[in-house]
Each structure stands twice: as C-alpha cells, then as structure tokens.
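Below is one structure, written out as structure tokens; comments come after it.
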Amino acid sequence: MKHIFGPVVSRRLKRSLGVDLVPFKTCTLDCAYCECGLTDNQTVEIKEWVPTDEVIAELKDWLCANEPPDYITLAGSGEPTLHSGIGVIIDFIKDNYPAIKVAILTNTTLCHLDEVINRIKRADLILPSLDAVSEDVFQKINRPLPDMSAALVIEGLSKLVNNFTGEIWLEIFLSEGINDTDEELFKLSKVVSDLGIKTVNINSLDRPAALPWVKLLSPQQLARAASWFDNAIIITRGQSSACTLRPADLTGAIISSLRRRPQTAEDLSSSLGVDVAEITSITEKFIASGHIHKEIVNNLIFYGF
Ligand code: SF4
C-alpha cells in the first residue's frame, strides 16, 4: 500500500484508516511544530499529486480484506486539499461505504477557494487548523509561503463554516511563549466565537517538532488557554483506545508508520495491536543497524527516521 496507512487508533477518531494524498511533506505551510519534520515541497499547486485511481484501488483492496474502520481520514504527511482528486475519492467512499465516516485534517490555507470547498463538502468531519490571528505570530509558527496570511486562513475558515454542513472541530496548536499569550488567545477566541465554532481542540507538543524552540505547555498552561474558549478540549497523550488488529508484516508496518511520524513503542503498540516488548525488540534492531534513531521528548522515547 503506497497511499494508505494504518489503521491507527487516534486520540479522537477511534480506529481510523489513513490516506496520504500528497508525497511526503508536500504542504502549503512549514509549521515549526510539524511532527513530520521540515517541508520539502512548499507549494500551493493543486494537482493530482498521486494517481486518484491508484488511491481508490488501494482503498477497495483494503476494505475488501478488512473490518471497516470508524473513519477514513485524509491526512498524512502534507496538505490533503492540494490533491485535485480529493472529491472523487470522497465520493467513492461515501457512494460505496456510506457507514464509514470521512474525516479531513487540513491547515485551512486553501479553504478560501470555492473549488476546494466543493470537493470536500461530502466529508463527515473536517478538522481545520488555526494557530494564530496576529500576522507576526502566524508567520513564526506556521511559516507560510510569501502570499499567505493569517487573514487568508481566517477567510477560509469562515467559508468552511458557512458552506460545510458536517462537523467541524477546530485545531489550535499552542507553543509556549509564541501563541499562548493573553493577546493571541483573546484574538483566537474572538474568531471562534464570531464564527460560531462549537468544538475546539487545543494541542501542544507531545512528540519531536520540526524546530527545537517549540515548547510544550504545562497542564496548567493548557487549562488556562482552554478557559478562553467555551468549548475547548485539551488533547493529551493516552486518549487512544486499543486496536486489536495485528498486521501480517509487523516489521513493515512499524517502518511504514515511523516514516510518517516519530512514535513511542507504546504508540505503535496501541495502533498495531502488538505487545510493547515485541515492538521494542524490532525497533532496537533498527536502531542498532542505524536505520532509525531515537529521541527523548517530555521523558518519552520516540523512534523515527
Ligand atoms: S503540521 Fe500540517 S500544515 Fe503544518 S507543515 Fe506539517 S503537514 Fe503542513
């Protein structure tokens, strides 16, 4: 499978089959906190980055052979709305597997475009991001292309709220000292309230970030930030449920999963349904051979490339 990963058990989407619609780190942004590292291909070019037919064929094969997941999530290691065939892929899922929900993780930078809104409107759930309202803070944390602004992201969010009938969970990533100031939280909460957004997820760093200055908020700081919103949920580690599916090729599944983002042995154990000791024995072999490395963040050991 080139475009499908998982199923992973995510913190919010239960058992979720991931679909990556763009090559690794093809994105409109180069976020300082990105868990996939720095963006290799920063672009606004919307095109068929990977063959739509190939993605649909992989989905068909996977869904024929496995229990249906709770969600099919269009996400991965870049911005999924850069793919011109995203609407065709959503139509395929909703026409053939109406019981499976479709979720999209987007950085919202292309949602001001009618063509993008039209393509994603049959999804069940969209998780758009907005990390800053002030332009200087947006530039620092999201590192956009020259023509992009915080105002453009807010315009896209507004268009999404007004034209999409499914659920919207707004994602806000906070880094200490960057966008968790009273001034920025006030501005973010005003946008949320003006747009009538009902669900806000507050995230902070829980794994290695692209740039070293990104800092985790303490539980107290997260609670303080959440109190600016009527409806914020703090997303923390340990909100996963167990997955019982063991992949046929465990080593391949571990490597494929680590290529997408750094993870702890416990993350891999939970998503792959395999004992932590077995995961650790495989990852340590790859550490010894120099193929992967480990890094300690917040007292947790992450394996990655
Ligand atoms: S966090 Fe998301 S939007 Fe930001 S660079 Fe990474 S893939 Fe792109």
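Here the structure is a predicted model, which is why all the values come from computation and not from measurement. Ligands are counted one by one from 1 in listed order, and the atoms in each one are counted from 1 as well.
- Neither the backbone nor the side chain of E79 comes within contact range of ligand 1; no heavy atom lies under 4.0 Å.
- Those atoms of ligand 1 with a heavy atom of L29 less than 4.0 angstrom away are 5 (S).
- Distance check for atom 8 (Fe) of ligand 1: a protein heavy atom is found below 4.0 Å.
- Looking only at side-chain heavy atoms (C-beta outward), K94 and D124 come within less than 4.5 Å of each other.
- Atom NZ of K25 has more than 12 heavy atoms from other residues, nucleotides or ligands within 6.0 Å.
- For atom 6 (Fe) of ligand 1, the set of nearby N, O or S atoms under 2.8 Å includes none belonging to C36.
- When only non-hydrogen protein atoms are considered, atom 4 (Fe) of ligand 1 lies nearest to C31 SG, 2.4 Å.
- Taking every non-hydrogen atom of T39 and a distance limit under 4.0 Å, the qualifying atoms of ligand 1 come out as 5 (S).
- Of the options K215, Q221, Q220, a side chain to side chain contact (heavy atoms under 4.5 Å, CB included) to L217 is made by Q221 and by none of the others.
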**Asked** Going through the distances and angles, do K159 and E155 end up as a salt bridge (charged side-chain N to carboxylate O under 4.0 Å, His left out)?
**Response** CA-CA 6 Å; K159 194 152 191 164; E155 181 190 332; 5.7 Å; no
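- Under a 4.0 angstrom heavy-atom cut-off, E35 registers as lying outside contact with ligand 1.
- No hydrogens or angles considered: nothing links the side chains of N41 and T43 as a donor-acceptor pair under 3.5 Å.
- C34 SG, 2.3 Å is the protein heavy atom nearest to atom 6 (Fe) of ligand 1.
- D131 and Y33 form a side-chain donor-acceptor contact under 3.5 Å, judged by distance and modelled atom types alone.
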